[in-house]
Amino acid sequence: MHLLHALGVIALLASGPLHAAENPLAGYLWEARPVVVFADSPKDPRYQKQMEDFARREPDILERDVVLLTDTDPAANGPLRQKLRPRGFMMVLIGKDGEIKLRRPNPMSVDALTRLIDRIPLRQQEIDERRRLQD
């Protein structure tokens with residue numbers, strides 16, 4: 001699924017009727033690395049910058065099993081907001097193990113994000129396994 005299409009699907013899921021007690025990230029455990037981007041409005045320049053950078057670098061993001069989740073509606077107080085408690089703009093990287101790997105109050109370049117992901121031990125194992133399969 002392409003990133004831009006995934007954004008539309010994710011926006012629908014994020015605004016859907018999940019109960020607060022449910023873990024909105026549980027479905028990604030061991031399957032994907034959620035990157036959650038929060039803003040108080042989709043017009044926030046930091047949010048727009050971050051989304052543009054993700055859109056330009058879609059192949060790099062998809063190669064690392066990143067699933068992009070967004071929430072630009074603080075009034076809805078959705079399950080992602082309840083779990084991660086952002087203030088204004090915030091970007092959160094969650095590892096495949098479900099642990100928070102990064103919280104940032106400012107946009108982050110995809111280059112920096114992919115370098116960070118590539119240093120995670122599980123990602124290193126994925127890279128090594130891919131190399132072995134190609135040999």
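Between the side chain of Gln124 and the main chain of Asp118, a donor-acceptor pair closer than 3.5 Å is present. Side-chain atoms of Arg103 come within 3.5 Å of backbone atoms of Leu84 as a donor-acceptor pair (strictly under, hydrogens ignored). Counting only distance, with no hydrogens or angles, the side chain of Arg33 and the backbone of Arg64 share a donor-acceptor pair below 3.5 Å.
The CZ atom of Arg119 sits 9.5 Å away from atom OG1 of Thr114, with the distance rounded to the nearest 0.5 Å. Considering CD1 of Ile117 and CG of Leu122, their distance stands at 11.5 Å, rounded to 0.5 Å. Rounded to the nearest 0.5 Å, atoms CG (Asp111) and CG (Asp60) are 7.5 Å apart. Ser41 contributes atom OG, which lies 8.0 Å from atom CD of Gln48 (distance to the nearest 0.5 angstrom). A distance of 13.0 Å separates OH in Tyr47 from CE in Met91, rounded to the nearest 0.5 Å. Taking NZ of Lys96 as the start and CD1 of Ile120 as the end, the distance is 10.0 Å to the nearest 0.5 Å.
Listed by chain and number, the residues in a side-chain hydrogen bond (donor to acceptor under 3.5 Å, both in side chains) with Asp73 amount to none (sequence neighbours excluded). Under the rule for a side chain to side chain contact (heavy atoms under 4.5 Å, CB included), Pro45 has no partner lying at least two apart in sequence or in another chain. Scanning for side chain to side chain contact (heavy atoms under 4.5 Å, CB included) contacts around Asp53 gives Arg56, Arg57, Ser109, Val110, with sequence neighbours left out. Partners of Arg104 by side-chain hydrogen bond (donor to acceptor under 3.5 Å, both in side chains), not counting sequence neighbours: none found. When the side-chain hydrogen bond (donor to acceptor under 3.5 Å, both in side chains) test is applied to Asp97, the partners found at least two apart in sequence or on another chain are Lys101. Among residues two or more places apart in sequence or in another chain, the side chain to side chain contact (heavy atoms under 4.5 Å, CB included) test is passed with Arg85 by none.
Using a 4.5 Å cut-off between side-chain heavy atoms of Ile, Leu, Val, Met, Phe, Trp and Tyr, with links allowed through other members, Leu116 and Ile127 fall into different hydrophobic clusters.
Ionic pairing of Glu52 and Lys49 is not present here: no N-O contact between side-chain nitrogen and carboxylate oxygen is shorter than 4.0 angstrom.
Listed here is the closest heavy atom pair of Gln50 and Pro107: OE1-CA, 2.9 Å. Closest approach of Arg81 and Pro86 over heavy atoms only: NH1-CG, 3.4 Å. Summarising the geometry of Gly95 relative to Pro34, their closest heavy-atom pair is O-CD, 4.5 Å, with the distance given to 0.1 Å. Shortest non-hydrogen contact noted between Ala39 and Pro74 is O-CD, 4.1 Å. Of all heavy-atom pairs spanning Val35 and Phe54, the tightest one is CG1-CZ, 3.8 Å.
In this structure, the side chains of Asp128 and Arg131 come closer than 4.5 Å at one or more pairs of heavy atoms. Looking only at side-chain heavy atoms (C-beta outward), Val36 and Asp71 stay at 4.5 Å or farther from each other.
Remark: of the listed residues Asp65, Asn23, Leu69, Leu69 is the sole one forming a side-chain contact (heavy atoms from CB on, under 4.5 Å) with Tyr28. Each of Ile100, Leu102, Val37 was evaluated against Val92; a single residue qualifies, Ile100, per the side-chain contact (heavy atoms from CB on, under 4.5 Å) test.
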